[in-house]
Amino acid sequence: MSTQRASVTRLVDLPIDQARWITLKKIEWKDQEGKDRTWETAERKTRSATAGVDGVAILALLKGANIPLSTIIIEQFRPPVNAYVVELPAGLIDPKDTLESCAFRELEEETGFKAESVVEVSPLMVCDPGMSSANMKMVALRVPLSESDMDSEGKVKLPQQKLEEGEHIIRRVVELSKLKEIIDDYMTRGFVVDARLSHFAIGWDLALRVQNGQI
């Protein structure tokens, strides 16, 4: 298997009738003063008609007797930003999916970990409302660990992934208390961090500092 770094080799305009996954729309609307205005927006073609949601991001909560509360983050190359991005596991919802079944499946495919149950499902959230109608929900999943899931050094073993052809995903188990510190380190090494993961890490870190009387 090749281990070369991925990179964008060419960027060209794409005729709209050749786009498989995304389309462009012009929105005509009236503002608060009654003025007619227009807006350009991108839309996914894959949105589930039953769920009304494009995809899910997955916050896996790993807990066992010998490890503090942890989560799984992933690294993968994202061509639109020509960079390796650190993010939460995520995936688009298939037509026959529920939010929960999509989250369980994508977590196992991308990381190898099998969740036991759903902890929480977020309200519907938008990702970049100034440019796109793309939306998502975050699903928190409980992933219990036992002693057999640990190696001789006390680290969590990484199970076999079920990646599709062309997917190259690196996994990392991170203690939630150290998440912001680790993300900050990624950025010093040239990685791009997904906004959803970054916002969660900052919020978690702030909550810990408030709890500890540091703020």
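Keep in mind that the numbers below use all heavy atoms, side chains included, and drop hydrogens, waters and symmetry copies.
Note: D194 CG to R78 CZ = 8.0 Å, rounded to the nearest 0.5 Å. Distance CD1/I202 to CG/D184: 8.0 Å, rounded to 0.5 Å. Distance check: D149 CG to L158 CG gives 11.0 Å after rounding to the nearest 0.5 Å.
For the residue pair L88 and I74, the shortest heavy atom distance occurs at O-CD1, 4.0 Å. Contact detail for T50 and P95: the closest heavy-atom pair is OG1-O, 3.6 Å. Summarising the geometry of C102 relative to G91, their closest heavy-atom pair is SG-O, 4.1 Å, with the distance given to 0.1 Å. Residues P144 and E116 approach most closely at CD-CB, 3.5 Å, considering heavy atoms. Closest of all the heavy-atom pairs between K137 and P123 is CG-O, 3.8 Å.
There is a path of hydrophobic side-chain contacts, each under 4.5 Å, that joins L145 to L107. Residues M138 and V121 do not share a hydrophobic cluster, defined by chaining ILVMFWY side chains whose heavy atoms lie under 4.5 Å apart. By the criterion of side-chain heavy atoms lying less than 4.5 angstrom apart, applied directly or through intervening Ile, Leu, Val, Met, Phe, Trp or Tyr residues, V143 is grouped together with V156 in one hydrophobic cluster. I58 is connected to L99 through a chain of hydrophobic side-chain contacts under 4.5 Å among Ile, Leu, Val, Met, Phe, Trp and Tyr, so both are in one cluster. Both V86 and L176 belong to a common hydrophobic cluster when Ile, Leu, Val, Met, Phe, Trp and Tyr are linked at side-chain heavy-atom distances under 4.5 angstrom.
Counting non-hydrogen atoms of other residues, nucleotides and ligands closer than 6.0 Å to CZ of R20 gives a total of 12 or fewer. Enclosure of atom CG in D17 by more than 12 non-hydrogen atoms of other residues, nucleotides or ligands within 6.0 angstrom is indicated. Atom CD1 of I27 is surrounded by more than 12 heavy atoms from other residues, nucleotides or ligands within 6.0 Å. Within a 6.0 Å radius of NZ in K45, other residues, nucleotides and ligands contribute more than 12 heavy atoms. No more than 12 heavy-atom neighbours from other residues, nucleotides or ligands sit within 6.0 angstrom of NZ on K162. More than 12 heavy-atom neighbours from other residues, nucleotides or ligands sit within 6.0 angstrom of CD on Q18. By the 6.0 Å contact criterion, CD on Q214 is enclosed, its count of non-hydrogen atoms from other residues, nucleotides or ligands being greater than 12. The environment of E167 atom CD is dense: over 12 non-hydrogen atoms of other residues, nucleotides or ligands sit within 6.0 angstrom.
For the residue pair D97 / S101, a side-chain donor-acceptor distance below 3.5 Å is found, with atom types taken as modelled.
Using a 4.5 Å heavy-atom cutoff, the side chains of T71 and F200 are not in contact. Within the 4.5 Å cutoff, no side-chain heavy atoms of Q76 are placed close to those of V85. In this structure the side chain of D205 never reaches within 4.5 angstrom of the side chain of L179, judged on heavy atoms. Considering only heavy atoms from C-beta on, K25 stays 4.5 Å or farther from S133 through its side chain. Taking 4.5 Å as the limit, some side-chain heavy atom of D94 sits within range of a side-chain heavy atom of R105. When side chains are defined from C-beta on, F104 does not count as touching V139, because their heavy atoms never get closer than 4.5 Å.
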